[in-house]
Number of protein chains: 2
Amino acid sequence: MAKETAKIAELDERKVKILTAVIRNYLETGEPVGSRTISKYTDLKLSSATIRNEMSDLEELGYIFQPHTSSGRIPTDKGYRFYVDNLMSEKEREIQEKEELIIEKADKLEAVLKQAAKLLATNTNYTALVSTPETHRNKLKFLQLSKVEKDSLLAVIVVEGNIIKNKMIHTEEEIDEDTILKLNLLLNTHLNGLSLEEINLGLITLLKERAGIHTEIVSSVIDAVADAIRADEDLEIYTSGATNMFKYPELMDSGKATDIINTFENKEELEKIVNASLAENNAGKNEMQVYIGKEMASPAMQDCSVVTATYDLGDGMRGTIGIVGPKRMDYEKAMGTMQSLMNQLDEIYKKK
Amino acid sequence: MAKETAKIAELDERKVKILTAVIRNYLETGEPVGSRTISKYTDLKLSSATIRNEMSDLEELGYIFQPHTSSGRIPTDKGYRFYVDNLMSEKEREIQEKEELIIEKADKLEAVLKQAAKLLATNTNYTALVSTPETHRNKLKFLQLSKVEKDSLLAVIVVEGNIIKNKMIHTEEEIDEDTILKLNLLLNTHLNGLSLEEINLGLITLLKERAGIHTEIVSSVIDAVADAIRADEDLEIYTSGATNMFKYPELMDSGKATDIINTFENKEELEKIVNASLAENNAGKNEMQVYIGKEMASPAMQDCSVVTATYDLGDGMRGTIGIVGPKRMDYEKAMGTMQSLMNQLDEIYKKK
DNA sequence: GATTAGCACTCATTCAAGTCGAGTGCTAAC
DNA sequence: GTTAGCACTCGACTTGAATGAGTGCTAATC
C-alpha cells in the first residue's frame with residue numbers, strides 16, 4: 001500500500017492512459033482488448049503500432065497479460081489494483097449516490113440484514129454477503145431466569161444492541177421460586193455491565209462459590225447460563241444473488257462459477273472474508289476494502305473480487321457487508337451502491 | 001392416485017418389465033436407452049426388434065418418449081410415477097436403513113435441522129430442504145414482560161415445544177414495576193394455554209378493556225405482545241447442497257440447474273413445496289410423498305422431482321423435509337435415506 | 001529518437017462437409 | 001408372435017479451410 005506513489009512513478013502519463021483504456025474497455029466487454037481498439041477509443045491520437053509498443057511495456061511491468069499469443073490484453077490483479085487505487089476517483093464521485101436503495105424499517109435486525117443483501121445483489125447483479133454483528137465485546141444488559149415448567153428454567157439474556165439470547169435449562173429436581181430469586185440477584189450483581197468476553201471460566205467458578213449451599217443444581221444452572229452467554233459465536237452469514245455469478249461468461253465457461261457458488265455454502269470460507277475485512281477496519285478508519293483475486297484468503301475465490309465494508313450500528317455492533325463479483329466487476333458501481341447502503345443503515349440506526 | 005390399479009391393467013407383464021428396464025437404466029446413465037441395451041440387460045430373452053415394438057407401444061401409452069427421432073427412449077413423468085408407485089417396493093426394502101446418518105444432539109432445534117439438511121445433501125448428492133416447524137396451533141406456555149431499560153420492555157413468549165419468541169418494546173414513558181406486574185398477571189390469566197391462532201383481534205381488544213385505566217401505554221404494549229405472538233409466521237426454510245444440481249448433465253447443460261438454484265433462493269417458491277407436503281400429510285397417514293416434474297407447484301422445478309416427508313417432534317411441531325433431485329434421481333436411495341433420517345429424528349425427540 | 005505504415009505470422013473461432021454409430025421403423029422370413 | 005435384415009434418421013464428433021483480430025518486427029517518416 002505504501003508503494004502507491006512508487007507505482008505511479010513507474011508509469012508515465014501515457015502509459016497510465018493506455019492502461020486505463022484497456023481496463024475500462026475490458027470491464028465493459030469482458031473480452032481481451034487489442035491495440036487497434038485503444039487507438040480509436042482514447043483521445044490521444046496514436047496509431048495502433050505505438051499502442052502496441054506501450055502495451056508490450058505494460059505487459060513486462062505486469063499490469064496486463066495476453067491469455068494466448070496474439071490476442072488482446074487483459075488486466076492482471078496488479079492492473080486492477082492500480083486501477084482501484086489510483087484511477088477510479090474521478091468517475092466514482094459522479095456515480096456515487098445516484099442509486100436509491102430503500103430499506104424498509106423492520107424491527108428484526110436479521111430481517112434488515114437479509115433485505116440489505118438482497119438489495120445489493122439485485123442492484124449490482126453481483127452476489128451480496130452480509131454477516132450478523134459480532135457481540136462478544138458487548139456488555140451484558142439484562143439477565144433473567146424464570147421458571148417455565150416444574151423442571152425447566154428459561155434464561156433470557158440481553159446484551160447491548162438489544163441482542164437477545166435464550167436458553168431452556170432442564171433441571172433434575174424442581175427449584176423453588178426463592179432460589180431462583182436469589183440466583184437472579186447473584187447473577188445480575190456480578191455479571192451485569194460486563195462484556196461477554198469478560199465472562200470467563202474463572203468468573204464462573206467464583207460465582208459458584210458465592211452461590212453457597214445449593215451447589216448441586218445451582219452450579220449446573222450457572223454453567224448453563226454461562227454456556228448461553230458465550231454461545232459459541234452465533235455468527236451468521238447471509239448471501240443473496242449467488243446465481244448472479246452465472247451471468248459472467250469468463251466464470252461460467254470455465255466452470256469456476258460453480259466452485260464459487262459452492263463456497264458460498266461454506267461458512268468457513270465466508271468467515272475468512274468477513275474476518276479479513278473486520279480486522280482491517282478494526283485497525284484503522286472505516287473505509288471500504290477491495291480484495292482482488294489472489295488478495296483473497298479463500299482459494300476458490302481467486303477469480304473474483306470483493307468489495308467489503310464494515311457497518312457499525314452503535315453499541316459496538318459491527319459486521320461486514322460484501323459484494324462479490326468477477327474481477328472485471330464495475331468497481332465504481334459496486335462501491336457506490338455499497339456506500340449508499342451504508343449511509344442508509346447509518347441513518348436508520350442513528351435515529352433510533 | 002385411484003388410477004393405480006387401472007394403470008397396472010393397462011400394461012401386461014412384459015411391458016412392465018421393459019418399462020422397468022428402461023427406467024432403471026436411465027436412472028443410472030442419464031442417457032436415452034435403446035432397444036439393443038434392453039435386449040441384453042433383461043433376463044427375458046427377446047431380440048431388440050421385439051423390444052422395439054413394445055417400446056413403441058409404451059411410447060403411445062405415454063410412459064416413455066424419444067427426445068428426437070431415432071434416439072433411445074426416456075421416461076416421461078407418467079413413467080416415473082408408475083415406477084415410484086408400483087415398481088420400487090422390492091428394491092426399496094433392501095436398501096432402506098443401510099445408511100447410517102448421525103445427528104449430533106444439539107440443543108438448538110435450528111442447528112439440528114440445518115445439520116439434518118446437510119446430512120441429507122451430502123449423503124444423497126441431491127439438494128436438501130428443511131422447514132422449521134409451524135407453531136400457530138401450539139399453545140402458549142409462558143409469557144413474561146420485563147423491564148430492561150427505563151423506556152423498554154422485553155416480552156418473552158414460550159410456546160409448546162419450547163419455541164421461544166422475543167420482542168423488545170419501546171415505551172413512550174416509563175412504566176412502573178407495579179403496572180408490569182399487573183400486565184403480566186392479566187396476560188397470563190387470559191392467554192396461557194391458548195393456541196397461537198386462538199389469540200386473535202377480538203381477544204386482544206377484550207384484554208385492553210380489562211386492563212382498565214392505563215389505556216394509553218398499556219394498550220400499545222398489549223398490541224406489541226400480540227404482534228410478537230402472531231409474528232407473521234416466522235417460517236424458515238434451509239437448503240443445503242444446492243450446487244449438487246450441477247452434477248447432473250441434463251440439468252446443467254440446458255441451463256435449468258441455474259433456474260433451479262435460483263428458486264432455492266426464493267422463499268415463496270419453497271413454501272409451495274413445503275405446504276403441499278404438509279397439506280397432504282395433514283389429511284392422512286404420515287408417509288413420504290414424491291412429486292415428479294409437473295406435479296410440482298413451482299414452475300421452475302418442473303425438471304426435478306422432490307421426495308418430501310413430514311417430521312413430527314411432538315407438541316404439534318410439524319415441519320417438512322425434502323430432497324430435490326433430477327427426475328432421474330435414485331428414488332430408492334433418496335427415500336431410504338430420508339426414512340433413516342426421520343427415524344433418527346424420532347428417536348432423538350421421543351427420548352426427550 | 002519517437003512515431004507510424006506495412007507485412008508476415010499466430011491463433012482462436014466459425015462453418016461446412018464428411019464420417020461414425022446408435023437407434024429406429026418396416027418388411028419379410030421363421 | 002418373434003426375429004433377422006436393411007434402409008434410414010439424426011446427433012456427435014472430426015476435419016480442414018476460411019476468417020479475422022491481433023501481434024511483433026522492420027523500415028520509412030517526422
Side-chain angles (χ1 to χ4, degrees), chain A residues 11-19 21-26 28-76 79 249-250 252-254, chain B residues 11-19 21-26 28-76 79 249-250 252-254:
Chain A
L11 302 175
D12 60 33
E13 191 178 345
R14 198 171 69 180
K15 281 198 175 55
V16 170
K17 274 192 179 167
I18 290 173
L19 179 56
V22 171
I23 296 180
R24 288 255 163 86
N25 201 292
Y26 184 70
E28 273 175 36
T29 64
E31 302 280 301
V33 18
S35 56
R36 188 102 203 296
T37 318
I38 302 293
S39 114
K40 291 182 180 175
Y41 181 46
T42 51
D43 34 351
L44 26 77
K45 294 283 178 200
L46 290 175
S47 78
S48 61
T50 316
I51 306 283
R52 274 203 287 284
N53 291 330
E54 294 286 39
M55 280 167 80
S56 173
D57 292 353
L58 283 170
E59 179 158 17
E60 218 164 277
L61 291 168
Y63 290 97
I64 52 182
F65 78 102
Q66 293 178 286
H68 53 83
T69 342
S70 72
S71 146
R73 262 47 174 225
I74 288 181
T76 60
E250 71 269 33
M252 183 62 183
D253 298 344
S254 64
Chain B
L11 303 175
D12 59 36
E13 192 178 343
R14 198 170 70 180
K15 282 199 174 56
V16 170
K17 273 192 179 168
I18 292 173
L19 179 56
V22 171
I23 296 180
R24 288 254 164 87
N25 201 291
Y26 183 70
E28 273 174 38
T29 65
E31 302 281 300
V33 18
S35 55
R36 186 103 204 298
T37 319
I38 302 292
S39 115
K40 291 182 181 173
Y41 181 47
T42 50
D43 33 353
L44 29 77
K45 294 282 178 201
L46 289 176
S47 80
S48 62
T50 315
I51 307 284
R52 275 204 286 286
N53 291 331
E54 294 286 41
M55 280 166 81
S56 175
D57 291 353
L58 282 170
E59 180 158 16
E60 217 164 276
L61 291 168
Y63 291 96
I64 53 183
F65 78 101
Q66 292 178 288
H68 53 83
T69 340
S70 73
S71 146
R73 256 65 169 214
I74 289 181
T76 60
E250 70 269 34
M252 184 62 183
D253 299 343
S254 65

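Computed from a predicted model, the values in this text were never measured in an experiment. Here is the naming used below: chain letters follow the sequence lines, and residue numbers restart at 1 for every chain.
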ask   = Can you tell me how far P of C:dA22 sits from CD1 of B:Ile51, to the nearest Å?
value = 18 Å
key: Minimum-distance nucleotide (side-chain atoms of A:Arg52 versus C:dT4, D:dG24, C:dG25)   = D:dG24
A:Arg14 side chain near C:dT3 phosphate (N/O to OP1/OP2, under 4.0 Å) = yes
task = Calculate the interatomic distance between B:Asp57 atom CG and C:dT24 atom C1'; express it in whole Å.
result = 14 Å
remark   = Among the nucleotides D:dT23, C:dT24, D:dA4, whichever has the atom closest to the side chain of B:Gln66 is C:dT24
note = Ranking D:dT3, C:dT4, C:dT24 by distance to the side chain of B:Met55, first place goes to C:dT24
key: Side-chain N,O (B:Ser56) to OP1/OP2 (C:dT24) below 4.0 Å   = no
message = Tell me whether A:Ser254 contacts the main-chain N or O of A:Glu250 through its side chain, where contact means a donor paired with an acceptor under 3.5 Å.
response = yes
Which residue lies more 5' along DNA chain D, comparing B:Thr50 with B:His68 via nearest heavy atoms = B:Thr50
ask   = Is there a donor and acceptor pair, one atom on the side chain of B:Arg36 and one on the base of C:dG23, closer than 3.5 Å?
value = no
request  = Mind checking B:Thr69 for me? I need base, sugar-phosphate or nothing, with any heavy atom below 4.0 Å counting as a touch.
outcome  = sugar-phosphate
message = Has A:Ser35 got a side-chain atom pairing as donor or acceptor with A:Ile51's backbone, closer than 3.5 angstrom?
response = no
request  = Rounded to the nearest angstrom, tell me the gap between atom NZ in B:Lys15 and atom C1' in D:dT2.
outcome  = 14 Å
task = Calculate the interatomic distance between B:Ile18 atom CD1 and D:dG1 atom P; express it in whole Å.
result = 15 Å
query = Can you check the A:Arg73 CZ to D:dA21 C1' distance for me, whole Å?
reply = 13 Å
request  = Answer yes or no: side-chain N or O of B:Ser70 and base N or O of D:dT9 forming a donor-acceptor pair under 3.5 Å.
outcome  = yes
request  = Would you mind reading off the distance between B:Ile74 atom CD1 and C:dT24 atom P, rounded to a whole angstrom?
outcome  = 12 Å
inquiry  = Do B:Ile23 and B:Leu19 have side chains that approach each other closer than 4.5 Å (heavy atoms only, starting at C-beta)?
reply    = yes
task = For A:Thr37 and A:Glu31, run side chain to side chain contact (heavy atoms under 4.5 Å, CB included): C-alpha distance rounded to whole Å, both residues' side-chain angles, the deciding distance at 0.1 Å, then the answer.
result = CA-CA 12 Å; A:Thr37 318; A:Glu31 302 280 301; over 6 Å; no
query = Atom CG of A:Asn53 and atom C1' of C:dT3: how far apart are they, to the nearest Å?
reply = 9 Å
request  = Name the nucleic acid region contacted by A:Ser71, choosing base, sugar-phosphate or nothing; use a 4.0 angstrom heavy-atom cut-off, strictly under.
outcome  = sugar-phosphate
Length of the CD-P vector between B:Glu54 and D:dT2, whole Å = 7 Å
request  = Please say which of A:Lys17, A:Arg73, A:Lys15 ends up in a salt bridge (charged side-chain N to carboxylate O under 4.0 Å, His left out) with A:Glu54.
outcome  = A:Lys15
